[in-house]
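These notes are about the structure you will find just below.
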There are 2 protein chains.
Amino acid sequence: MTVNLRPSEALHLWHSAMLGLVRSEAPDLTLRQLSLLLHIYLVPPPHTVRGLAATLGVTKPVVTRALDSMGALGLVRRIRDDRDRRNVIIQRTVGGALYLEKLGDIIIKEGRELAL
Amino acid sequence: MTVNLRPSEALHLWHSAMLGLVRSEAPDLTLRQLSLLLHIYLVPPPHTVRGLAATLGVTKPVVTRALDSMGALGLVRRIRDDRDRRNVIIQRTVGGALYLEKLGDIIIKEGRELAL
DNA sequence: ATGGATTGTTTCGCTACCGTATCATTACTA
DNA sequence: TAGTAATGATACGGTAGCGAAACAATCCAT
């Protein structure tokens with residue numbers, strides 16, 4: 001696990017990766033949506049609206065709207081929590097996994113070309 | 001220059017950094033705006049609207065609008081090219097440099113905590 | 001000098017996001 | 001069984017983004 005970045009290198013890595021992301025076909029999410037998606041897929045469940053809102057430091061409607069949009073894109077899925085039917089559990093989907101896989105590819109691809 | 005990332009590590013790094021960015025006070029730019037800002041500051045000038053649009057693979061109005069917004073935030077500045085007055089040259093500002101410096105700090109800070 | 005090409009901007013109609021406030025549903029508690 | 005608390009969703013007015021098309025200013029070639 002070598003994450004030895006100096007500020008300038010970190011920015012260059014981000015630059016290439018974001019450029020790759022923007023240029024890609026992938027539907028362009030907002031920073032908040034992307035952040036949310038990464039959190040849902042990289043942090044162990046369960047994820048609730050309230051929990052996600054607290055994690056990102058945003059209001060609940062922001063999370064609800066983001067889930068609407070990303071749900072329509074097939075990147076996440078909502079289900080009711082049966083043990084406490086006030087809760088909504090956010091689940092991963094195949095589409096979301098593919099999206100993140102593609103993102104990971106972009107990052108390492110650009111990072112590699114950067115190192116040359 | 002150690003940018004040796006495997007896909008999963010790359011995503012985790014992005015996750016923490018983006019979380020830090022979203023939670024930060026910094027005005028939240030769109031992916032395209034952030035990408036544009038990074039490009040302007042990390043790639044040698046001169047930068048023109050047309051050139052930036054081609055680099056990002058977006059239309060010119062997207063760049064014009066992004067420059068409007070980021071200009072209002074003091075992150076970039078426009079001047080006319082005197083040698084060909086059709087061109088607009090995009091210049092860096094102190095505010096933009098500070099913004100990116102802060103972003104770099106967030107990335108390496110989160111990356112370091114990730115490595116523990 | 002005039003016609004065409006090129007640059008960046010603006011306009012149009014539309015969609016999506018924002019924060020605040022309110023709402024409906026469900027759970028808990030006295 | 002009320003009454004309160006908590007969860008997620010919705011309504012509202014406003015802002016800002018989008019692509020496509022039209023635009024003004026400038027350059028250049030003839």
Side-chain angles (χ1 to χ4, degrees), chain A residues 18-19 21-40 45-91 99, chain B residues 18-19 21-40 45-91 99:
Chain A
M18 292 211 53
L19 218 51
L21 181 57
V22 168
R23 301 184 67 137
S24 78
E25 299 297 328
D28 46 270
L29 308 176
T30 66
L31 278 178
R32 289 170 169 192
Q33 287 169 347
L34 188 51
S35 189
L36 210 41
L37 191 66
L38 283 162
H39 192 80
I40 292 166
H47 300 291
T48 65
V49 172
R50 178 167 182 74
L52 292 171
T55 301
L56 268 75
V58 299
T59 60
K60 287 191 293 177
V62 167
V63 176
T64 295
R65 280 188 296 255
L67 294 178
D68 287 343
S69 310
M70 297 195 296
L73 292 171
L75 302 178
V76 294
R77 178 174 37 215
R78 273 185 266 219
I79 62 165
R80 278 278 157 198
D81 182 356
D82 274 329
R83 298 196 300 186
D84 182 343
R85 300 187 48 77
R86 288 173 302 182
N87 289 333
V88 160
I89 306 294
I90 290 88
Q91 291 189 324
Y99 186 100
Chain B
M18 292 210 52
L19 218 53
L21 181 57
V22 169
R23 302 183 66 138
S24 77
E25 299 297 329
D28 45 270
L29 308 176
T30 67
L31 278 178
R32 290 170 168 192
Q33 288 169 347
L34 189 50
S35 188
L36 211 39
L37 192 64
L38 283 162
H39 192 81
I40 292 167
H47 300 291
T48 66
V49 172
R50 177 168 184 74
L52 292 170
T55 301
L56 268 74
V58 299
T59 60
K60 287 189 297 177
V62 167
V63 176
T64 295
R65 279 188 296 255
L67 294 178
D68 287 344
S69 309
M70 296 195 296
L73 292 171
L75 303 178
V76 295
R77 178 175 38 214
R78 273 186 267 219
I79 61 163
R80 277 281 158 195
D81 181 356
D82 274 330
R83 298 194 301 183
D84 182 343
R85 299 188 50 76
R86 289 173 301 181
N87 289 332
V88 160
I89 305 294
I90 290 88
Q91 291 189 324
Y99 186 100

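Side-chain atoms are counted along with the backbone in the values below, which use heavy atoms only and exclude waters and symmetry mates. On a predicted model such as this, the values are computed, not experimentally measured, just so you know. Each chain gets a letter, A, B and so on, in the order the sequences are listed, and its residues count up from 1.
Under the ring pair (Phe, Tyr, Trp, His ring centres under 6.0 Å) criterion, A:His47 pairs with A:His39, sequence neighbours left out. B:Asp68 meets the side-chain hydrogen bond (donor to acceptor under 3.5 Å, both in side chains) test with B:Arg78; sequence neighbours excluded. Among residues two or more places apart in sequence or in another chain, the salt bridge (Lys or Arg N to Asp or Glu O under 4.0 Å) test is passed with A:Arg23 by none. For A:Arg77, the side-chain contact (heavy atoms from CB on, under 4.5 Å) test picks out A:Gln91, A:Thr93, with sequence neighbours left out. Every residue meeting the side-chain hydrogen bond (donor to acceptor under 3.5 Å, both in side chains) condition with B:Asp84, not counting sequence neighbours, appears here in chain and number order: B:Arg86.
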(request) Take nucleotides 17-22 of chain D nucleotide by nucleotide from the 5' end and write B, S or -, depending on whether a protein heavy atom sits under 4.0 Å from the base, only from the sugar-phosphate, or from neither. (result) SBBBB-

(request) Using a 4.0 Å cut-off on protein heavy atoms (strictly under), produce a 5'-to-3' string for nucleotides 23-30 of chain D with B for base contact, S for backbone-only sugar-phosphate contact, and - for none. (result) ---BS---

Show which side-chain atoms of residues 26-35 of chain B pair as donor or acceptor with protein atoms under 3.5 Å away, not counting sequence neighbours.
from	atom 1	to	atom 2	distance (Å)
B:Thr30	OG1	B:Arg32	N	3.4
B:Thr30	OG1	B:Gln33	N	3.1
B:Gln33	OE1	B:Thr30	N	3.0

Contacts table for residues 48-67 of chain A: side-chain donor-acceptor under 3.5 angstrom, sequence neighbours left out:
from	atom 1	to	atom 2	distance (Å)
A:Thr48	OG1	A:Gly51	N	3.0
A:Thr55	OG1	A:Gly51	O	2.9
A:Thr64	OG1	A:Lys60	O	3.4

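Straight-line distance from the CG atom of B:Asp68 to the P atom of D:dT15: 16 Å, rounded to whole Å. Rounding to whole angstrom units, CG of residue A:Leu31 and P of D:dA16 are separated by 17 Å. One interatomic measurement links the two molecules: NE2 of A:His47 to P of D:dG8, which rounds to 13 Å at whole-angstrom precision. One atom, CZ of A:Arg78, and another, P of D:dG8, lie 10 Å apart when rounded to the nearest Å.
Here the range on DNA chain C touched by chain B, meaning any atom under 4.0 Å from one of its heavy atoms, is C:dT6 to C:dT10.
Between the CD1 atom of B:Ile89 and the CG atom of B:Asp81 there is a distance of 4.5 Å, given to the nearest 0.5 Å.
Taking all atoms of both residues into account, the shortest heavy-atom contact from A:Arg80 to A:Arg85 is NH1-O, 2.8 Å.
Sorted pairs that involve residues 59-79 of chain A and meet ring pair (Phe, Tyr, Trp, His ring centres under 6.0 Å), not counting sequence neighbours, are lacking altogether.
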